[in-house]
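Numbered from 1 within each chain, the chains take letters A, B, ... in sequence-line order. All values below were derived from every heavy atom in this structure, side-chain atoms included, with hydrogens, water molecules and symmetry-related copies excluded. Bear in mind the structure is a predicted one, so any value in this text is a computation, not a measurement.
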Amino acid sequence: MTTAPAQHPALPERPTLDGLEEKWGAVWQQQGTYAFDRERALTLPREQIFAIDTPPPTASGSLHMGHVFSFTHTDCMARYKRMLGHEVFYPIGWDDNGLPTEKRVQNYYGVRGDATLPYVENFEPPHRGTATSTKSAHEVPISRANFLELCEERTVEDEKSFESLFRRLGLSFDWQQTYRTIDDFSRATCQWAFIRNVQRGEAYQSEAPGLWDVTFQTAVAQAELEARDYPGHYHRVAFHAEDGPLHIETTRPELIPSVVALIAHPDDERYAARFGTTVTSPLFGVEIPVVAHPAAEMDKGAGIAMCCTFGDLTDVLWWRELQLPTRSLITRTGRMHHENPEWLVGTPGEQLYAEQIAGKTAYGAREAIVALLRESGDLDGEPTPTQRKANFYERGEKPLEIVTTRQWYIRNGGRDAALNAELVARGDEIAFHPAFMRSRYANWVAGLNGDWLVSRQRFFGPTIPVWYPLDEDGEPLWDNYILPTEEMLPIDPMADAPPGYTEDQRGKPGGFVGDPDVFDTWATSSLTPQIALGWRRDDELFGHLFPMDLRPQAHDIIRTWLFATVVRAHWEHGTIPWTDAAISGFILDPDRKKMSKSKGNVVTPEDILKEHSTDAVRYWAASGRLGTDAAYDVGQMKVGRRLAIKLLNATKFALSFGEVEAFGEVEGDLRAAVTEPLDLAMLAGLREVVEKATAGFESWDYTRSLEITEAFFWTFCDDYLELVKDRAYGGQGEGPAASARAALRLGLDVLLRLLAPIQPYTTEEVWSWWHEGSIHRASWPTAEELPEGGDATMLASVGAALAAVRKAKSEAKVGMRSEITALTLTGPHAALEQIRAAADDLRAAGRITAEPQYAAGEAIAAADVELIPAEKRAG
RNA sequence: GGAUGUGUAGCUCAGUUGGUUAGAGCGUUCGCUUCACACGCGAGAGGUCAGGGGUUCGAGUCCCUUCACAUCCA
């Protein structure tokens, strides 16, 4: 029930948006306005809780308008749910681990992690943000532990700038519900979830050819790949057979020493006679078979390809399906093996390899081999330039190599059709907003071709909690791996000894070694629901709130973050991790280009917020629908700013007419004071607005809700407020004045609450002028709280009559103060009746001094207007 | 090449199960110091709904097709 306080509202002389962020930000923080009430949540039925799996920003990453955009979307929903009375669980975490942080630390401090170095006490890095060179030669190698200390230092600092932005943006997080993906609890959660996967057979280790980044020297997963055009040259090279040369075309002649087969398409007539025969490789003289496989592309190059284990993923396919030998040449550093490969022993190529190839980079080896081919006459013609698609690590600059390594994998349906179908079905259980984003998910899952590789040969991340016993010769017994117990977590197998061993047995025959790797960053962030809700730490809360309600995120990481989270929840809990996924689009610059640092078109969000005010920027963000890319549009921010200022001024004006009680009989219930048909008409229109605005939020369309409310608010200001202001001042007596004042208050009370999720600062400021408590803890408006009995079309009719009067003055090019001494209003009969019923309001607003004439007509219009131009004021 | 989305006023975008003359804001033009707001108010101009074909009494909306753009995956 809306009640008017006894004292006159304290209205500011000249309301302003300036300073509202500081003023209300401090109040919200101090009063815990957005605090999550765990005890209340546990007593509520699940459907009255709204739990959000907030995206933890990469602390070392840059702040950009995309953060402002998507976080505002989620915050609008969170605020709506909170006003509905839901207990909102809205945590904020920081994604610290991973390569972005390592790169930032390397550049910021001028250091490089080196696992072979010992820890140095009180290490002082050469730079703190002052490094001028990013060349690795200028980086100081430091121990893993020292490196981790610097990662820790840097991320804590970087988090502060995010916090500052998020607070100014007015995000209604509970800042007590925070986590860092590198903190002890997150690491323990990550390790324990993995151990459970291992124990149930959902994770396994395998020695297999995999994608490898030679720059970062780490394995890379399918989800981190990026196919890019990469310039190369086709080299037409002759292989030798008894009946003459067989030419192939290759972009990677340096791999000729490791060729294991020549492969053509089974339907390719040109090579049909060759299948089953052998040829010898040029220079090296290794005998290899010519075989058929449908993956050979007939129209590419010569139509016959050399298979090297391994040059690319097709080689891996052939190697697996045709059971070809493994002849690995490229090492983890990207250089050719130093030792002579055993398959070259005794061939003409043995000496050649040792002298010309061993230890060279792939590029150097290529140059050498091309020169040798030219010399031997096996190079046919000159190399011709070509563009090929090569796989890159998304953060890397060199094409990935394929290297055989021992790694850990989590099963994700990439090698198991039944599991794949189950995971696709999980996607069907989740409501995507917008719904078409489910296709992204389904396409990705269906297209997987391998399990999820989680080992990374990096530093800053939860360690893989596994030890391997060593046999009497000091060789690891991989399959007898040792896992820690739950109480030990988090552990570092490179620093902690496994159960039953002591540290001095590390690396000794009969002792143990630790797995040196860390987890893929998604292996931790795929557990954000578990981390945020305190799985294993607060099982009561976790049990009640999991699965959560909402995962908000951008569409580019559906294949990574969203999918990985689904995989982990599927294995550990047998459920989806949340019921809804809200997918935000990207921010494009005005030229419709994606904004990015490399394009130099980024703007600094905090500056934008200060320049336009938070509520203005939030208005822009809330004007972008889920799933739709949005333009960075200063114009929209200005519109939002105008709306906010209008809220200030209109509310001040509406309250300034005086208290409703002054006219007696009201007894606090404003609804009883609303008696005039025009006032009831306005409120009837608002009842419809409340229903539509609520329906908008319910269908995750906060933009629709905003549009509906905003449009009504402008009509409220331009037409209704103009029509009733004379009456509200008392121009028609006390009862009609009370009706207008009460209707204005009721209307604004509802309008402010409808806009509160979008413009939290302005609505809070205005609300405070005549209410106790935060608007953000007030209840979401309902149609029922407004009086019935009005006819919403009446305001439209009277408003149209007012517009007709204004048009007459505008066309006469006179001021709106000009007096109208005669006019005829035309329109449909019903509309004229409505206008007649509000004739006094219309005459006051239009300065119509004569009694208007009424005449039937099609549209509402003013005719036969006589007016006296207002005297122009001096100055 | 595949998937998904988009194409409506100069710009940014709405347009519900198909239903009068296709809407809003910005910008633009003209006018107005009107006792909340000049960060304001009022009025006007501005569209072959990407092209073509079809279904229908009726299509921006449904179907087919072509084109363009974007994103993701090959």
Side-chain angles (χ1 to χ4, degrees), chain A residues 11-18 222-223 225-227 313-314 389 391 432 434-449 554-560 583 585-586 588 590 592-594 612-613 616 619-620 623-625 627-657 692 695-696 699 701 703-704 706-708 710-711 714 717-719 721-722 725-726 728-729 744 802-818 844-847 858-859 869-870 872-875:
Chain A
L11 298 178
E13 189 65 29
R14 192 175 165 79
T16 173
L17 298 178
D18 297 341
Q222 187 182 350
L225 294 190
E226 203 170 274
L313 288 171
T314 313
K389 282 284 184 193
N391 281 315
F432 283 81
F436 68 77
M437 285 295 178
R438 179 177 291 108
S439 317
R440 291 275 181 98
Y441 174 90
N443 287 350
W444 172 256
V445 179
L448 287 167
N449 55 33
H555 50 71
D556 57 334
I557 51 175
I558 288 174
R559 63 177 176 151
T560 48
I583 311 296
F586 289 135
L588 310 174
R592 309 301 295 173
K593 299 272 165 43
K594 188 176 164 184
H612 299 282
S613 86
Y619 175 93
W620 159 77
S623 302
R625 290 175 148 75
T628 306
D629 292 346
Y632 171 73
D633 186 353
V634 172
Q636 272 300 97
M637 296 177 195
K638 290 184 173 165
V639 173
R641 184 177 172 86
R642 250 169 263 189
L643 174 63
I645 290 171
K646 198 76 173 177
L647 280 170
L648 295 175
N649 287 316
T651 309
K652 181 197 161 189
F653 187 46
L655 296 177
S656 70
F657 298 124
K692 287 179 186 165
S699 60
D701 194 352
T703 303
R704 175 90 181 132
L706 169 60
E707 276 173 1
I708 295 275
E710 184 193 15
W714 284 107
C717 291
D718 294 342
D719 290 351
L721 194 42
E722 289 295 327
K725 69 183 181 188
D726 175 73
Y729 273 126
L744 284 167
L802 178 61
V805 170
R806 286 167 172 160
K807 183 171 179 171
K809 293 182 182 178
S810 193
E811 285 178 348
K813 297 190 192 283
V814 300
M816 291 296 147
R817 282 170 59 244
S818 301
R847 300 225 169 197
E858 295 248 326
K872 287 216 173 192
R873 291 188 179 182

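A:Lys809 contributes a side-chain N or O that, together with a main-chain N or O of A:Ser818, makes up a donor-acceptor pair within less than 3.5 Å. Remark: the backbone N or O of A:Glu13 is paired with a side-chain donor or acceptor of A:Lys652 at under 3.5 angstrom.
With RNA chain B read from its 5' end, the first of the two nearest nucleotides for A:Ser439 and A:Met816 is the one closest to A:Ser439. Positionally, the nearest nucleotide of RNA chain B for A:Tyr619 lies more toward the 5' end than for the other of A:Tyr619 and A:Glu722.
If you check B:U71, B:A43, B:C37 against the side chain of A:Ala803, the one that comes closest is B:A43. In this structure, the nucleotide among B:G42, B:U4, B:A14 sitting nearest to the side chain of A:Arg806 is B:G42. Side chain of A:Leu721, nearest nucleotide from B:A43, B:A36, B:A70: B:A36. The listed nucleotides are B:A43, B:U34, B:A74; the one nearest the side chain of A:Lys389 is B:A74. In this structure, the nucleotide among B:C41, B:G5, B:C37 sitting nearest to the side chain of A:Asn649 is B:C37. Across B:C26, B:A43, B:A74, the shortest atom-to-atom separation from the side chain of A:Lys807 is found for B:A43.
The two residues A:Ser613 and A:Leu17 come nearest to each other via the heavy atoms OG-CD1, 3.8 Å.
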(request) Give the C-alpha distance, both sets of side-chain angles, the deciding distance and a yes or no for salt bridge (charged side-chain N to carboxylate O under 4.0 Å, His left out) between A:Arg559 and A:Glu226. (result) CA-CA 13 Å; A:Arg559 63 177 176 151; A:Glu226 203 170 274; 5.8 Å; no
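Computed from coordinates, the A:Lys813 NZ to B:G44 P distance equals 12 Å when rounded to whole Å. Atom OH in A:Tyr632 sits roughly 19 Å away from atom P in B:C26 (whole-Å rounding). The distance from atom CG of A:Asp556 to atom P of B:C72 is 7 Å, rounded to the nearest whole Å. The CZ atom of A:Phe657 sits 13 Å away from the C1' atom of B:C37 (whole-angstrom rounding). Atom CG of A:Asp701 and atom P of B:C13 are 15 Å apart (whole Å). If you take CZ of A:Phe586 and C1' of B:U71, they are 8 Å apart, rounded to a whole angstrom.
Using a 4.0 Å heavy-atom criterion, one finds that A:Arg847 contacts the bases of the nucleic acid, with or without backbone contacts as well. Residue contacts for A:Gly815: at a heavy-atom cut-off of 4.0 Å it reaches the sugar-phosphate backbone alone, with no base atom in range. Counting any heavy atom pair closer than 4.0 Å across all strands shown, A:Glu710 reaches no nucleic acid atom. Counting any heavy atom pair closer than 4.0 Å across all strands shown, A:Ala227 reaches no nucleic acid atom. Using a 4.0 Å heavy-atom cutoff across all strands shown, A:Trp620 reaches no nucleic acid atom at all.
Atom NZ of A:Lys646 sits about 11.0 Å away from atom CZ of A:Arg642, to the nearest 0.5 Å.
Between A:Tyr441 and A:Phe432, the ring-plane angle classifies as tilted under the 30° and 60° cut-offs.
For B:C73, one of the phosphate oxygens OP1 or OP2 lies less than 4.0 angstrom from a side-chain nitrogen or oxygen of A:Arg559.
Between B:A50 and B:C13, the distance separating the two P atoms is 15 Å to the nearest Å.
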